[in-house]
Amino acid sequence: MTNKTNRIGIDIGGTKIEGVLVDDAGTVLSSCKAPSRPGEEQVVEDVCKMVSALTTDSVPVGIGIPGQVDYLTGQVKNVVNLGVEQLDLAERVSSRTKSPVHVENDVNAAALGAASIVASELPEGSSVAFVNLGTGLAAGLVISGAIEHGASGTLGEIGHLPADPNGFQCPCGQRGCLETVASGGAVSKLWPSQNPPMPDLIDKAARGNHLAREILGKVVHAIADTVQITVQAYDPNLVIIGGGMARTGQPLLDSLIAELDRRAADSPFVTSLDMPGRLRLAPVNQPIGAIGAALAAI
Ligand SMILES: [Zn+2]
């Protein structure tokens, strides 16, 4: 039976591709997963295979992918993890599947997916910021259930705000970018003993390990900077923490709220922002990137 409101969402990551078939409310009807392969032809092939595995109907397809994405044309550039330099992804997938295809940056897609789950009770017009603490650091902004893109698509690229002039050199050419301290990738470098490092770092710091306390202090300070910048720049109803680091769960939230409370203690202005009250963790057991890609499909 054909349901015309069903859509497909595909989330392409550096190691895996996840796909979902959802109804118009975003409820997942079926899902699948496969390892991702590098190369332009392989990416197109893997996406088309997943689309036909999810449905034989021609339904709108949304795709989330890292790198520079032109959401208007569906062209993607510089997807380093997948060895893609330039790919007309929407056009290539659409011509093979005969379905309309829409492409979004992966963080924007995850923002939309997380907002649809975490903020479903908020009134019309609400805004939700999604802070992705993954290999890199970037934010997405969803207003009234739609992704905000800005004038040139760089809205939310806050990972490359140079917050510390004495900080680490960043591959982007600046020094002390938030991403060099606050991202999951950065913590893996600063505390390489465990994978994932954050739960172990928090545990060792709680047990009084001096190095762990020093590193955790810097990391949490930079994440708090990220949250504060997000709140002051966008004033969203909610800030959802996502990405691999969100899997740390409550201990991460507790450390972050302790730092935000420290800032509020000295400042009526910071107190008035009520940052802890706006914080949520992204759901870790749902494919939010694929769900958001489906919701972004036209
Ligand atoms: Zn940078």
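Atoms within a ligand are numbered from 1 in the order they appear, just like the ligands themselves. For the numbers below, each heavy atom of this structure counts, side chains included, while hydrogens, waters and symmetry mates do not.
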> Any donor and acceptor pair, going by atom type alone, linking the side chain of E148 with main-chain N or O of I143 inside 3.5 Å?
Replying inline: no
>> Between S58 (side chain only) and K98 (backbone N and O only), is there a donor and an acceptor less than 3.5 Å apart?
In response: yes
>> Show the nearest heavy-atom pair for residues T135 and S183, with the distance to one decimal.
In response: O-OG, 3.5 Å
> Is the backbone of L137 close enough, under 3.5 Å, to the side chain of E179 for a donor and an acceptor to pair up by distance?
Replying inline: yes
> Can you name the side-chain hydrogen bond (donor to acceptor under 3.5 Å, both in side chains) partners of R278, sequence neighbours left out?
Replying inline: D235
>> Has D57 got a side-chain atom pairing as donor or acceptor with V59's backbone, closer than 3.5 angstrom?
In response: no
> Which N, O or S atoms belonging to the protein are less than 2.8 Å from the Zn ion (ligand 1)?
Replying inline: H160 ND1, C170 SG, C172 SG, C177 SG
